[in-house]
Enquirer: 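Have a look at this one.
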Amino acid sequence: MIEDRYYVQRLTEQVFLIRERASPSGEAGPDDRIVRSFDMRHDASMFVESMNEKQRKLDEQFGHWAQHAL
């Protein structure tokens, strides 16, 4: 199963980072790019869901991991 490209990482009680996986086959790691931060988990999750949906559409059009949603 291919993981979503964007994911939420909890940094502190009130800081949630949106990160982009560095590799299509890799797990979340320290080299993953930080895309944005949020202070509410719900907002971060909604953003990630939206970005992954956009990414799936780009992957369908241009091939897997050929384009970035951001």
Side-chain angles (χ1 to χ4, degrees):
M1 178 177 155
I2 297 172
E3 296 289 334
D4 288 331
R5 186 181 293 198
Y6 301 95
Y7 65 95
V8 178
Q9 176 189 25
R10 184 180 193 157
L11 190 60
T12 68
E13 280 284 321
Q14 296 179 342
V15 177
F16 300 91
L17 300 177
I18 307 305
R19 300 193 73 157
E20 179 182 16
R21 293 180 199 282
S23 166
S25 60
E27 295 182 15
D31 294 334
D32 292 349
R33 181 172 75 100
I34 296 172
V35 174
R36 187 170 172 180
S37 66
F38 286 88
D39 58 3
M40 296 187 68
R41 174 76 186 202
H42 179 314
D43 293 343
S45 296
M46 295 296 292
F47 182 84
V48 162
E49 185 177 316
S50 172
M51 294 312 303
N52 282 322
E53 181 60 32
K54 289 178 185 177
Q55 189 63 56
R56 280 188 281 281
K57 289 178 182 176
L58 287 170
D59 289 347
E60 287 175 12
Q61 286 181 310
F62 301 105
H64 191 64
W65 288 70
Q67 297 284 323
H68 294 269
L70 289 176

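The structure displayed is predicted, hence computed values, not measured ones.
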Enquirer: State, with a plain yes or no, whether a side-chain heavy atom of Q55 is found less than 4.5 Å away from one of Y6.
Expert: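 Yes, close enough: below the 4.5 Å cut-off.
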
Enquirer: Consider only side-chain N and O atoms of Y7 and D32, and report whether a donor and an acceptor are under 3.5 Å apart.
Expert: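 Per modelled atom types, Y7 and D32 side chains form a pair under 3.5 Å.
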
Enquirer: With side-chain contact (heavy atoms from CB on, under 4.5 Å) as the test, would you mind laying out the steps for V15 and R10 before giving the verdict?
Expert: CA-CA 6 Å; V15 177; R10 184 180 193 157; over 6 Å; no

Enquirer: Any side-chain to backbone donor/acceptor pair from S45 onto R41? Under 3.5 Å, distance only.
Expert: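 Yes: the side chain of S45 pairs with the backbone of R41.
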
Enquirer: Working to the nearest 0.5 Å, report the span between CZ of R33 and CG of L17.
Expert: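 Output value for this atom pair is 12.5 Å.
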
Enquirer: Taking the side chain as every heavy atom from C-beta outward, state whether R36 and F47 have any pair of such atoms under 4.5 Å apart.
Expert: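 When only atoms from C-beta onward are counted, F47 and R36 do touch, with a gap below 4.5 Å.
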
Enquirer: Nearest 0.5 Å please: distance from the CE atom of M51 over to the CD atom of E49.
Expert: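 Between M51 CE and E49 CD, I get 12.5 Å after rounding to 0.5 Å.
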
Enquirer: Heavy atoms, side chains only, cut-off 4.5 Å: are I18 and V8 in contact?
Expert: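 SC-SC contact between I18 and V8 confirmed.
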
Enquirer: How would you list, by chain and number, every residue that makes a side-chain hydrogen bond (donor to acceptor under 3.5 Å, both in side chains) with Q61, sequence neighbours excluded?
Expert: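 Applying side-chain hydrogen bond (donor to acceptor under 3.5 Å, both in side chains) to Q61 gives none.
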
Enquirer: How close do M40 and F16 get, counting heavy atoms only, and between which atoms?
Expert: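 Looks like C-CD1, 3.8 Å.
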
Enquirer: To the nearest 0.5 angstrom, please state how far the CD atom of E27 sits from the CZ atom of R21.
Expert: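 The CZ atom of R21 is 8.0 Å from CD of E27, to the nearest 0.5 Å.
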
Enquirer: Measure the CD-CG distance between E20 and N52 for me, rounded to the nearest 0.5 Å.
Expert: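 The CD atom of E20 sits 10.0 Å away from the CG atom of N52.
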
Enquirer: Strictly below 4.0 Å, N to O, side chains only: are D4 and R56 in salt-bridge contact?
Expert: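 Yes, charged N to carboxylate O under 4.0 Å.
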
